> 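Right, I'll just put the structure down here and ask away after.
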Amino acid sequence: MSNPDELLVNISALVESGQSNRMSLTVVAGGAVITGRLAPEAVWRERVSEVLKDSDHLGPFSGIFLADRPQDRADRTDRADHADRDDHPDRAKAPTHLHFHLARILQGNVGIPETGGMYRVAITDVSAWTVGDFSYSDH
């Protein structure tokens, strides 16, 4: 989508607000079907950082996910000149990405990884979506 779907942005904003972390969503982005539960960006970043920190090879990358957290950006925005946002006060606050945890990429008759992974998807890359977490069954 060249313009973000406002309904999808609003769903993401509700998750970001901390009012709900139980929203399951399935999206199509770049031809991939991704299904799972949405998480606030800060929670997603912390979890990814924890996983990386425990890795011998990827440990040095863990700090990147804790830098420039959403709450840090909000503090900078509050201090910045708001003249640029006067016409569109919600633009700076609107989420730009969906943050999935316990998510799988659906391919054929399997979801990978089986245990669920952490995915970040740009809302503008979503070409289709539905509420709910899809899975395949042999039945």
Side-chain angles (χ1 to χ4, degrees):
M1 295 180 174
S2 57
N3 294 318
D5 180 320
E6 289 300 319
L7 187 53
L8 195 54
V9 170
N10 291 340
I11 289 170
S12 182
L14 186 60
V15 171
E16 287 296 327
S17 74
Q19 295 181 35
S20 174
N21 66 351
R22 304 290 295 171
M23 175 55 91
S24 293
L25 202 65
T26 299
V27 301
V28 177
V33 178
I34 301 170
T35 187
R37 187 181 298 168
L38 294 178
E41 181 179 356
V43 172
W44 182 88
R45 284 175 172 262
E46 287 175 20
R47 180 67 184 123
V48 171
S49 177
E50 289 171 6
V51 170
L52 292 175
K53 188 169 57 173
D54 292 339
S55 168
D56 291 337
H57 301 290
L58 300 175
F61 292 96
S62 68
I64 293 171
F65 287 88
L66 296 180
D68 195 33
R69 296 174 299 176
Q71 59 267 37
D72 298 335
R73 289 193 303 266
D75 291 344
R76 283 195 308 272
T77 300
D78 289 343
R79 291 188 301 258
D81 179 20
H82 296 297
D84 191 34
R85 295 185 347 200
D86 287 344
D87 294 336
H88 306 284
D90 294 332
R91 182 178 291 167
K93 296 179 183 179
T96 59
H97 290 78
L98 301 170
H99 296 87
F100 287 91
H101 68 117
L102 303 174
R104 295 173 318 282
I105 296 175
L106 301 181
Q107 182 173 346
N109 62 353
V110 297
I112 48 178
E114 287 184 22
T115 57
M118 309 288 285
Y119 299 100
R120 176 179 162 111
V121 177
I123 293 173
T124 55
D125 289 343
V126 174
S127 59
W129 62 275
T130 188
V131 172
D133 185 355
F134 281 77
S135 61
Y136 286 98
S137 174
D138 292 334
H139 298 54

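One-based numbering along the sequence shown. Predicted model, so just to flag it, every value in this text is computed and none were measured.
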> Residues in side chain to side chain contact (heavy atoms under 4.5 Å, CB included) with A122, at least two apart?
H97, T124, D125
> If we ignore hydrogens and angles and just use 3.5 Å, is the side chain of S49 paired with the main-chain N or O of S62 as donor and acceptor?
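Confirmed, S49 side chain pairs with S62 backbone.
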> Do you know the tightest heavy-atom contact between S12 and P95?
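Looking at all heavy atoms of both residues, the shortest contact is OG-CB, 3.3 Å.
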> Can you see which heavy atom on I34 is nearest to which on Y119, and at what distance?
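Result for this residue pair: CG2-CD1, 4.2 Å.
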> Find out if a path of hydrophobic residues (ILVMFWY) with successive side-chain heavy-atom gaps under 4.5 Å connects V51 to V43.
no
> So, for V9 and A94, which heavy atoms are closest and what is the spacing to 0.1 Å?
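Between these two residues, the closest heavy atoms are CG1-CB, 4.0 Å.
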> Report the residues that fulfil side chain to side chain contact (heavy atoms under 4.5 Å, CB included) with V28, sequence neighbours left out, ordered by chain and then residue number.
V33, S127, A128
> Indicate the atoms forming the closest heavy-atom contact of P113 with G117, along with that distance.
CG-N, 3.8 Å
> Let me confirm one number: the CZ-CZ distance from R22 to R37, rounded to the nearest 0.5 Å.
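Between atom CZ of R22 and atom CZ of R37 there are 4.0 Å.
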> Would you compute the distance between atom CD1 of I11 and atom CH2 of W129 and round it to the nearest 0.5 angstrom?
3.5 Å
> Find the distance between OG1 (T26) and CG (L106) and round it off to the nearest 0.5 Å.
7.0 Å
> When rounded to the nearest 0.5 angstrom, what is the spacing between NE2 in H101 and CG in L38?
8.0 Å
> Can you see which heavy atom on V131 is nearest to which on L25, and at what distance?
CA-CD1, 4.1 Å
> With side chain to side chain contact (heavy atoms under 4.5 Å, CB included) as the test, would you mind laying out the steps for V15 and L98 before giving the verdict?
CA-CA 9 Å; V15 171; L98 301 170; over 6 Å; no
> Salt bridge or not between E50 and K53? Use side-chain N to carboxylate O under 4.0 Å.
no
> If you round to the nearest 0.5 Å, how far is CG of L102 from CZ of R47?
9.0 Å
> Check I123 against P4 and note the closest heavy-atom contact, atom names and distance.
CG2-CB, 3.8 Å
> Do the side chain of R120 and the main chain of R45 share a donor and acceptor less than 3.5 angstrom apart?
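Between the backbone of R45 and the side chain of R120 there is no qualifying donor-acceptor contact (under 3.5 Å).
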> According to a hydrophobic-cluster definition based on side-chain heavy atoms being under 4.5 Å apart (Ile, Leu, Val, Met, Phe, Trp, Tyr only), do I105 and V110 belong together?
yes
> Do R104 and D133 have side chains that approach each other closer than 4.5 Å (heavy atoms only, starting at C-beta)?
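Yes, close enough: below the 4.5 Å cut-off.
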> E16 side chain to E41 main-chain N or O, any donor-acceptor pair under 3.5 Å?
yes
